[in-house]
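Accompanying notes for the structure given below.
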Amino acid sequence: MNSSRPGLIERYRDRLPFEPGDPVVSMGEGSTPLVRADHVSELAGCEVWLKLEGLNPTGSFKDRGMTCAVSAAVREGAQAVICASTGNTAASAAAYAARAGLTGAVIVPEGKIATGKLAQALMHGARVIALRGNFDQALELVRELCGRHPIALVNSVNDFRLEGQKTAAFEVLEDLGGEVDAVCLPVGNAGNITAYWKGFVEAGAAPAMYGFQAEGAAPLVTGRRVDKPETVASAIRIGNPARWEEAMAAMRDSRGAVNAVSDEQILDAYRMLASREGVFCEPASATSVAGLLHHRAGGARRVVCVLSGHGLKDPQTALEQAGSVVPCEATIEAVERAVLG
Ligand code: F0G
């Protein structure tokens, strides 16, 4: 065992491409809470559950894919792993590489990733490369690099990533006794929605998959690549998703849909989740709830919204969106005024 809580390779080995005795790099990822959201349910007119993927070891769902991608890389004898990233994949790859004793390198769009994610990648000792370009360019370059050098690519173009991420669908089914009508997800590079659908299909379930993108970065909605994607939800600032076709197939085959929400709608949902549900997620994650509230999920009665990353990843956006602190002198009268209004 790699941690006191079984990680997902251990938990779902019979449904993953790992044999007993294979190396496992794990930090007890997966088994994240699924919590009922009463306020969101009321607003949406259906029963809504939130899958808190920010409670994975590095604070995002990427750890599900990374335990598999890095374990497979170790099995193949890799010395180094690399990824392009809007931040969370970088943090996760850096952590799992550190744990495995591998060299980690991450290429991120310069100045465009949230502070917490940058701090994580640096703390874990990865080589952090700030590209003067966007995520799509970073991914293109990193793929070319891996064609020239023996470095394991751990973006979601790596099938092991999807294998790991599909386990979230198993957990949803287990927690809800198989009864779920629709699943809402934020969509960036389109790996996660592809992975969820794979998991549901393997488990014999077929909830409708609803993908939501930010208006300024919505290639799946418009059907056209976006050369200069823009959105406050930096994690999904992506104009040419690698899993484009598969994600569209997942939404079509499950009778779901893909839609866009504005930055304002994303931030409204972001603040509402924190202030009304007690759940602090990052802006990209709130896209799933914003999408449900503005586009609905067909006639679904029970819906799961995936909150893909923790709010602490992006303290800057939080402080910009939140109320201000109350300054106070150190006397009881001043404290009374400050506390009681
Ligand atoms: N939510 C968060 C918090 C993310 O970090 C990402 C993707 C997504 C949703 C979208 O998932 O790409 O599988 O459609 N982040 C990647 C990264 C691109 O580099 O961290 P997807």
Side-chain angles (χ1 to χ4, degrees), residues 32 51-56 58-66 69 82-95 106-109 112-114 116-118 120-121 126 128 131 134-139 142 153-158 161-162 164-166 168 183-199 209-214 217-220 229 231-244 246-248 250-251 258 261 266 269-270 280-291 305-314 317:
T32 55
K51 180 75 169 151
L52 305 189
E53 287 291 278
L55 274 75
N56 276 296
T58 76
S60 84
F61 71 94
K62 305 289 180 178
D63 297 339
R64 291 182 185 274
M66 211 53 73
I82 193 166
C83 65
S85 179
T86 56
N88 280 323
T89 304
S92 185
V106 303
I107 304 193
V108 299
K112 298 287 191 185
I113 80 167
K117 305 173 188 179
L118 184 60
Q120 288 178 289
V128 179
L131 188 77
N134 62 30
F135 170 84
D136 302 292
Q137 293 166 304
L139 183 57
V142 102
L153 182 61
V154 295
N155 277 106
S156 60
V157 295
N158 178 329
R161 282 276 312 277
L162 298 200
Q165 288 169 215
K166 78 183 180 188
V183 179
C184 298
L185 292 121
V187 175
N189 211 24
N192 208 31
I193 196 164
T194 303
Y196 267 77
W197 181 237
K198 184 174 200 294
M209 308 298 294
Y210 287 91
F212 297 105
Q213 300 199 289
L220 299 189
T231 166
V232 67
S234 59
I236 52 171
R237 192 183 276 143
I238 294 176
N240 186 22
R243 297 276 184 178
W244 186 314
E246 289 148 285
M248 293 308 290
M251 290 182 272
V258 63
V261 284
I266 292 171
Y270 169 66
F280 187 22
C281 64
E282 64 173 288
S285 306
T287 303
S288 60
V289 171
C305 289
V306 176
L307 298 186
S308 45
H310 202 287
L312 290 171
K313 292 272 190 176
D314 189 354
T317 304

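All heavy atoms count here, side chains included; hydrogens, waters and symmetry mates do not. Read the numbers this way: they start at 1 and go in the same order the structure lists the ligands and their atoms.
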(message) Which residue and atom name correspond to the protein heavy atom nearest atom 13 (O) of ligand 1, and how close is it?
(response) N192 N, 2.7 Å

(request) Assess whether side chain to side chain contact (heavy atoms under 4.5 Å, CB included) is satisfied between V306 and V183, documenting all intermediate values. (result) CA-CA 7 Å; V306 176; V183 179; 4.0 Å; yes

(request) Calculate, to the nearest 0.5 Å, the distance between atoms CG and OG belonging to L185 and S288 respectively. (result) 7.0 Å

(request) Report, in ascending order of atom number, the atoms of ligand 1 lying under 4.0 Å from any heavy atom of I238. (result) 18 (C)

(message) With a 4.5 Å cut-off on side-chain heavy atoms, are N189 and S156 touching?
(response) yes

(request) Return the residue, atom name and 0.1 Å-rounded distance of the protein heavy atom closest to atom 8 (C) of ligand 1. (result) I236 CG2, 3.6 Å

(message) Can you report which non-hydrogen protein atom sits closest to atom 12 (O) of ligand 1, along with the distance?
(response) N189 N, 2.7 Å

(request) Compute the minimum heavy-atom distance from S156 to ligand 1 and say whether it is under 4.0 Å. (result) no

(message) Once you restrict to heavy atoms under 4.0 Å, what part of A235 touches ligand 1? Side chain, backbone, both or neither.
(response) both

(message) Counting C-beta onward and ignoring hydrogens, is there a side-chain heavy-atom pair between V106 and C83 closer than 4.5 Å?
(response) yes

(request) May I ask you to decide whether E53 forms a salt bridge with K62, counting only side-chain N to carboxylate O separations under 4.0 Å? (result) no

(request) Would you mind running through ligand 1 and noting each atom that sits below 4.0 Å from a heavy atom of N88? (result) 2 (C), 3 (C), 4 (C), 5 (O), 20 (O)

(request) Give the residue, atom name and distance (to 0.1 Å) of the protein heavy atom nearest atom 11 (O) of ligand 1. (result) F61 CZ, 3.5 Å

(message) When you compare the side chains of S285 and S308, does any donor N or O come within less than 3.5 Å of an acceptor on the partner?
(response) yes

(message) Quick check on contacts: which atoms of ligand 1 are under 4.0 angstrom from a heavy atom of S85?
(response) 17 (C), 19 (O), 20 (O)

(request) Around atom 1 (N) of ligand 1, find the nearest protein heavy atom and jot down its residue, atom name and distance. (result) S308 OG, 2.6 Å

(request) Using a strict 4.0 Å cut-off to heavy atoms of V187, name the atoms of ligand 1 that fall inside it. (result) 14 (O)

(request) Mind checking the CE-CG spacing from M66 to N88? Nearest 0.5 Å is all I need. (result) 9.5 Å

(request) Could you establish whether N155 and ligand 1 come within less than 4.0 Å of each other, counting only heavy atoms on the residue side? (result) no

(message) Quick check on A190 - does any of its heavy atoms sit under 4.0 Å from an atom of ligand 1?
(response) yes

(request) Could you tell me how the ring of F280 sits relative to the ring of Y270: parallel (under 30°), tilted (30 to 60°) or perpendicular (over 60°)? (result) tilted

(request) Apply side chain to side chain contact (heavy atoms under 4.5 Å, CB included) to the pair L153 and I82, showing each step before the final yes or no. (result) CA-CA 5 Å; L153 182 61; I82 193 166; 4.3 Å; yes

(message) I need the nearest protein heavy-atom contact for atom 20 (O) of ligand 1: residue, atom name and distance, please.
(response) T89 N, 2.8 Å

(request) Please check if any side-chain donor atom of K51 sits under 3.5 Å from a side-chain acceptor atom of T32, or the reverse. (result) yes

(request) Check ligand 1 against G191 and write out every atom of the ligand that is under 4.0 Å from a heavy-atom position of the residue. (result) 13 (O), 14 (O), 21 (P)

(request) Run the numbers for me: atoms of ligand 1, each under 4.0 Å from some heavy atom of E282, listed by number. (result) 3 (C)

(message) Would the distance check show the side chain of N134 and the main-chain N or O of D136 forming a donor-acceptor pair, the cut-off being under 3.5 Å?
(response) yes

(request) Could you check which of E53, H310, K62, R243 puts a non-hydrogen atom nearest to atom 15 (N) of ligand 1? (result) K62

(request) Report the C-alpha separation of F61 and Q165 in whole Å, then their side-chain angles, then the decisive distance to 0.1 Å, and conclude whether the side chain to side chain contact (heavy atoms under 4.5 Å, CB included) test is met. (result) CA-CA 7 Å; F61 71 94; Q165 288 169 215; 3.4 Å; yes

(message) Which of the numbered atoms in ligand 1 are under 4.0 angstrom from any heavy atom belonging to G188?
(response) 10 (C), 12 (O), 14 (O), 21 (P)

(message) I'd like to check which ligand 1 atoms, numbered from 1 as shown, lie under 4.0 Å from a non-hydrogen atom of T86.
(response) 15 (N), 16 (C), 17 (C), 18 (C), 19 (O), 20 (O)

